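Just so it is clear, the structure is predicted and the values come from calculations on it, not from any experiment. To find a chain, count down the sequence lines: A is the first, B the second, and so on, and within it residues start at 1. Note: hydrogens, waters and symmetry copies are ignored here, and every other heavy atom, side chains too, is used.
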Amino acid sequence: MPSRLDDINEQRKKTLQRLRGLGINPYPNRYPQTHTTQQAIAQLEETEARETPQRGKETEPVSVAGRITAMRKMGKSSFLDVRDVSGKIQLLLQNSNFNKDQQELFKDLDIGDIIGVEGKLLRTRTGEPTIAVGEFTLLSKSLQPLPEKWHGLSDTDKRYRQRYVDLIANNEVKEVFKVRSRVIASIRQFLDKRGFIEVETPVLHSSAGGALAAPFVTHHNALDQDLYLRIATELHLKRLIVGGFDKVYEIGRVFRNEGISTTHSPEYTLLESYEAYADYTDVMEMQEQMIYHICKQVLGTAEIKYGNNTIDLKPPWQRITLRDAVKEYGGIDYVSYPTAAGLREKMRSLNMEADTNKNWAKLVDELLKTYVRPKLIQPTIVFDYPASMSPLAKNKPGKERVVERFQAVAGGLEIDNAYSELNDPIEQRERFQEQMKDRHGDEEEQWTIDEDYLTALEYGMPPTGGLGVGIDRLVMLLTNQQSIREVILFPQLREKP
RNA sequence: GGGCCGCUAGCUCAAUUGGCAGAGCAGCUGACUCUUAAUCAGCAGGUUACAGGUUCGAUUCCUGUGCGGCUCACCA
């Protein structure tokens, strides 16, 4: 008797043969549904509300389709659970309602099969909304057994590699990706309403710019030219600002050839927006309004649970300068230690790790990441960064070494990053050159200065406020997920041998 | 790439000091006309991730490999 996977497959294939022998097509082409499972339940409730609520009250027939996720056979009548994208509904199938062929077909139904049913809605004795099935049709025969009904599928490896099984077995996973979809729709709605234009810029770049991550390299055969998958959309979007699109945004995948972690994926979705004649204070307000709006629209509340914390996204968010934040949470005023050596020494005196290879900017970044960000649970705008950390950001008037830049942090996650865009072409060139000096060895050849971007700036870019939002991390925050893989449908995994 | 942890039936998990590898769900046979983790009786299902080693004997101890998780590094 079958139990091993192979035997189960074998047995189901025999069932297929048998059905075909009976003249039943196990994979028909279409099925007209009148309702989703939840619409059917809603209709039942509506009928009950309109007429005198009465147990066993029947309604107009509905037809729904979905996957069988449970079967409770009780002799001449059986209860099945059927699940579609909206949820699940119970079916009641009574042998006495069916002719001989249908009784045979019913015997060959398995958990996992996809069926369409037609029947009237009623409530069972226990109050469960149920379709009393008059007719049913096999829509797709399943040859694989489903994971256990109670615990679902929990092996992360299998969940990520075979996400379709995860989605069948674990309903809460489906909810996460529904939220993700609504978040992105909500962002578009918010920006479109403010007069932003959505654009698409190239994914294949001849020079990987706009961030400092290592790029993926590919090759175009006809052009015989190496190309890089974009690591940011920034430099192209700002070209469009030069061209006169005053408010633009792009939601797109960017690719960074770096380590994978619970907050880093080699490909992830980035929203970047640019608004002419605005500075970073305007962007601060816009982004907190946007995230508040999204959260309210998608979740119905701006108070969310993340891990053990409750986070209130209602603006205005707390604001603190990077200098004050590092002083408060790290105990160091980095302005008093203007050299890498001096700052490193101070950090070590406080028992902090300070890599000898790191320059001053990277040490400050280390302080931010390790000592400040994890403490920032409520949404917080950390602003005014050292110029050396931010080669594309504009100086703060009157403060030589500070740029107008901020990052918003919530739940310890970096949600976005924004600045007043540097539009002085001469200074931008100097900053790029400064940046190039830091690069050595293998990395060096991957980096070139984007000359065309500098030329664009020479034509004149209006003062501009730019924003970059990590969509995956935002979705993590809104769905209370601790790993970025939980919000990416098909996360990158090592190929199995 | 480093460190730690994990990998046992299709799924979720057991297995005492190193001593016959077990259960629930799923599957198969049967009973049952309001069940919902249905119930009841019975049956079947294993290269314990892989390759070595120690041992009379290894799921268990050791080494290596693979894959995954967490973490560190990298990611302005």
Side-chain angles (χ1 to χ4, degrees), chain A residues 1-12 15 55-56 69-81 88-97 110-112 122-130 132 143-161 165 168-170 210-215 231-232 254 256-266 268 353 355 357-366 368-370 385-393 403 405 407 414 417 419 431 434-435 438-439 443 482-483 485 491 493-497:
Chain A
M1 286 297 116
S3 173
R4 276 175 308 155
L5 182 57
D6 290 346
D7 295 336
I8 292 173
N9 291 160
E10 200 46 48
Q11 158 132 26
R12 298 231 179 155
T15 305
R55 200 165 272 174
T69 57
M71 294 180 90
R72 295 176 291 281
K73 295 194 177 183
M74 328 221 356
K76 293 191 178 65
S77 68
S78 299
F79 294 94
L80 314 199
D81 290 341
K88 87 158 214 226
I89 194 166
Q90 178 171 262
L91 310 179
L92 170 59
L93 284 88
Q94 282 171 307
N95 234 348
S96 53
N97 290 346
D110 289 298
I111 291 173
L122 53 81
R123 277 188 198 272
T124 60
R125 214 156 54 191
T126 51
E128 180 80 14
T130 300
L143 306 182
Q144 297 281 346
L146 255 40
E148 209 240 8
K149 64 184 166 195
W150 191 242
H151 301 92
L153 181 66
S154 61
D155 178 29
T156 47
D157 187 17
K158 185 155 189 156
R159 286 185 51 231
Y160 296 154
R161 282 182 205 280
V165 182
I168 292 168
N170 300 322
L212 268 187
I231 55 176
V254 298
R256 298 189 177 184
N257 204 342
E258 305 285 353
I260 298 176
S261 77
T262 46
T263 49
H264 295 84
S265 166
Y268 69 99
E353 256 189 61
D355 197 313
N357 296 323
K358 283 184 175 171
N359 62 27
W360 187 84
K362 288 195 173 184
L363 289 173
V364 173
D365 196 47
E366 168 79 21
L368 168 64
K369 271 192 237 187
T370 310
Y385 281 57
S388 53
M389 294 174 74
S390 320
L392 293 157
V403 292
R405 174 182 176 188
Q407 290 184 335
E414 178 195 334
N417 181 24
Y419 31 85
R431 299 261 199 107
E434 191 91 359
Q435 214 180 342
D438 279 345
R439 303 225 173 78
E443 283 194 349
Q482 308 299 316
S483 167
R485 294 182 198 89
L493 296 178
R494 203 183 291 267
E495 194 180 359
K496 275 220 161 157

Exercise. How far, in whole Å, is B/G68 from B/C50 if one measures between their C1' atoms?
Worked result: 15 Å
Exercise. Does any non-hydrogen side-chain atom of A/N359 lie less than 4.5 Å from one of A/K362?
Worked result: yes
Exercise. Quick one: the side chain of A/S154 and the base of B/U12, do they pair up donor-acceptor inside 3.5 Å?
Worked result: no
Exercise. Across the strands shown, which category fits A/L493 at heavy-atom distances under 4.0 angstrom: base, sugar-phosphate, nothing?
Worked result: sugar-phosphate
Exercise. Are a donor atom and an acceptor atom from the side chains of A/T124 and A/E128 found within less than 3.5 Å of each other?
Worked result: no
Problem set entry | Atom C1', compared across B/C62 and B/C20: separation rounded to whole Å | 25 Å
Problem set entry | Short side-chain N/O contact to B/A73 OP1/OP2 from A/K358, under 4.0 Å | no
Exercise. Looking only at N and O atoms, is any donor in the side chain of A/H151 or the base of B/C11 less than 3.5 Å from an acceptor on the other one?
Worked result: no
Seminar exercise, completed: Checking B/A38, B/C70, B/C75 against the side chain of A/S483 (C-beta onward), the nearest is B/C70
Problem set entry | Residues that A/Q94 engages under side chain to side chain contact (heavy atoms under 4.5 Å, CB included), provided they are two or more places apart | A/S77, A/L92, A/S96, A/N97
Exercise. Phosphate oxygens OP1/OP2 of B/C34: is one of them under 4.0 Å from a side-chain N or O of A/R125?
Worked result: no
For this session: Could you work out the separation of B/A15 and B/G6 based on their P atoms and round it to a whole Å?
Result: 13 Å
Exercise. So what does A/G210 hit on the nucleic acid, given a heavy-atom distance under 4.0 Å: a base, only sugar-phosphate, or nothing?
Worked result: base
For this session: Would you kindly check whether a donor in the side chain of A/E128 faces an acceptor in the base of B/U35, or vice versa, at under 3.5 angstrom?
Result: no
Problem set entry | Close side-chain approach of A/E258 to A/H264, heavy-atom, < 4.5 Å | no
For this session: Check whether any side-chain N or O of A/T262 sits under 4.0 Å from OP1 or OP2 of B/U71, and answer yes or no.
Result: yes
Exercise. What nucleic acid atoms does A/D155 come within less than 4.0 Å of, heavy atoms only: base, sugar-phosphate, or nothing?
Worked result: sugar-phosphate
For this session: Respond yes when some side-chain nitrogen or oxygen of A/K76 is under 4.0 Å from OP1 or OP2 of B/A31, and no when none is.
Result: no
For this session: Evaluate the side-chain proximity of A/I231 to A/V254: yes if any heavy-atom separation is below 4.5 Å, no if none is.
Result: no
Exercise. What's the verdict on side-chain contact (heavy atoms from CB on, under 4.5 Å) for A/T262 and A/Q482, showing C-alpha distance, side-chain angles and the deciding distance?
Worked result: CA-CA 7 Å; A/T262 46; A/Q482 308 299 316; over 6 Å; no
For this session: Report the residue (A/I111 or A/M389) whose heavy-atom-nearest nucleotide on RNA chain B is the more 5′ of the two.
Result: A/I111
Exercise. Taking the side chain of A/W150 as its heavy atoms from C-beta onward, which of B/A76, B/A37, B/G68 lies nearest to it?
Worked result: B/A37
Problem set entry | Side chains of A/R431 and A/V403 in contact at under 4.5 Å (non-hydrogen atoms) | yes
Exercise. Distance check: side-chain N/O of A/S77 vs OP1/OP2 of B/C34, anything under 4.0 Å?
Worked result: no
Seminar exercise, completed: To the nearest angstrom, the CD-P distance between A/Q90 and B/C34 comes to 12 Å
Seminar exercise, completed: For RNA chain B, consecutive-pair runs of 3 or more (Watson-Crick or G-U wobble, both H-bond-type distances under 3.5 Å) give B:1-7 with B:66-72, B:10-13 with B:22-25, B:27-31 with B:39-43, B:49-53 with B:61-65
Problem set entry | B/A38 to B/A26 separation - C1' atoms, rounded to the nearest Å | 15 Å
Exercise. Taking only residues two or more places apart in sequence, or in another chain, which ones meet A/K369 in a salt bridge (Lys or Arg N to Asp or Glu O under 4.0 Å)?
Worked result: A/D365
Exercise. In terms of side-chain heavy atoms of A/A213, which of B/C34, B/C67, B/A76 is nearest?
Worked result: B/A76
For this session: Could you work out the separation of B/G53 and B/A44 based on their C1' atoms and round it to a whole Å?
Result: 36 Å
Exercise. Is any side-chain N or O of A/R485 closer than 4.0 Å to OP1 or OP2 of B/G69?
Worked result: yes
Exercise. In whole Å, what separates the C1' atom of B/U54 from that of B/U63?
Worked result: 11 Å
Problem set entry | Phosphate-side-chain proximity, A/Q11 and B/C28, N/O vs OP1/OP2 below 4.0 Å | yes
Problem set entry | Interatomic distance at C1', B/U17 relative to B/C61, whole Å | 12 Å
Seminar exercise, completed: Walking RNA chain B from its 5' end, the first of A/H264 and A/P145 to be reached, judged by nearest nucleotide, is A/P145
For this session: Would you mind classifying the nucleic acid contact of A/Y268 as base, sugar-phosphate or nothing, using non-hydrogen atoms under 4.0 angstrom?
Result: nothing
Exercise. Is any side-chain nitrogen or oxygen of A/K149 closer than 4.0 Å to OP1 or OP2 of B/C11?
Worked result: no
For this session: Look at the side-chain N and O atoms of A/R4 and state whether any lies under 4.0 Å from the OP1 or OP2 oxygen of B/G46.
Result: yes
Exercise. Taking the C1' atom of each, how far is B/U12 from B/U65, in whole Å?
Worked result: 28 Å
